[in-house]
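To start, the structure itself, in structure tokens.
All residue numbers in this chain count up from 1 along the given sequence.
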Amino acid sequence: MDDFFEIFRLNMKFYREQRKISQSQLAIGADCTNGLIGQIEAGTTKPSFDRIISIAAALKIHPADLFLRNASTTVLEAKDKLRKKLLPQIEEFIEKEM
């Protein structure tokens, strides 16, 4: 059960940062306190079902997106793969062309 909460809180923070909104802005959109958003992200408070729905609505995502995967890890893994593949090719191109 704690694994789902960990995924939820990391995804919540990821989607909030991706949309470039503060904890306060998310709290306003989800009709809760800034402190509650901070506590959820810190892992010290678990949201109710209704709060999960309101947070997802404020983030403009489906509530399931907060549980399906760790979005931040998925993005980081994709970025890492791209760096490993593309950086050597870019460096080679720069050496040849410059």
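- With respect to Glu17 and Lys20, no salt bridge is recorded, no charged nitrogen being found less than 4.0 Å from a carboxylate O.
- Of all heavy-atom pairs between Cys32 and Ile37, the closest is SG-CD1, 3.6 Å.
- For the residue pair Gln25 and Ser22, the shortest heavy atom distance occurs at OE1-N, 2.6 Å.
- Taking hydrophobic clusters as Ile, Leu, Val, Met, Phe, Trp and Tyr residues chained together by side-chain heavy-atom distances below 4.5 Å, Phe4 shares a cluster with Tyr15.
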Go through it in stages, so that I can follow the logic: the residues are Leu26 and Met12, the test is side-chain contact (heavy atoms from CB on, under 4.5 Å), and I'd like the CA-CA distance, side-chain angles, deciding distance and then a yes or no. CA-CA 10 Å; Leu26 178 57; Met12 185 181 93; 4.2 Å; yes
Going through the distances and angles, do Asn34 and Ile28 end up as a side-chain contact (heavy atoms from CB on, under 4.5 Å)? CA-CA 8 Å; Asn34 182 39; Ile28 291 166; over 6 Å; no
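- In this structure, Ala42 and Arg9 approach most closely via the heavy-atom pair C-NH1, 4.0 Å.
- Under the side-chain hydrogen bond (donor to acceptor under 3.5 Å, both in side chains) criterion, the residue pairs touching residues 35-45 are Arg16-Glu41, Gln23-Glu41, Gln39-Thr45, with sequence neighbours excluded.
- Within the 4.5 Å cutoff, no side-chain heavy atoms of Leu68 are placed close to those of Asn11.
- Between Leu59 and Leu66 the shortest side-chain heavy-atom distance falls below 4.5 Å.
- Residues Ala58 and Ala30 share a closest heavy-atom pair of CB-N, 3.7 Å.
- The environment of Asp31 atom CG is sparse: at most 12 non-hydrogen atoms of other residues, nucleotides or ligands sit within 6.0 angstrom.
- Tracing side-chain contacts under 4.5 Å through hydrophobic residues (I, L, V, M, F, W, Y), one never reaches Phe49 starting from Leu36; they form parts of separate clusters.
- How far CD1 of Ile55 is from CG of Asp50: 11.0 Å, rounded to the nearest 0.5 Å.
- The minimum heavy-atom distance linking Pro47 with Phe8 is given by the pair CG-CE2, 3.6 Å.
- Among residue pairs with one or both ends in residues 86-98, those qualifying as salt bridge (Lys or Arg N to Asp or Glu O under 4.0 Å) are Glu92-Lys96; sequence neighbours excluded.
- At least one side-chain heavy atom of Arg19 sits less than 4.5 Å from a side-chain heavy atom of Ile61.
- Here the side chain of Arg51 pairs no donor or acceptor atom with the backbone of Lys46 at under 3.5 angstrom.
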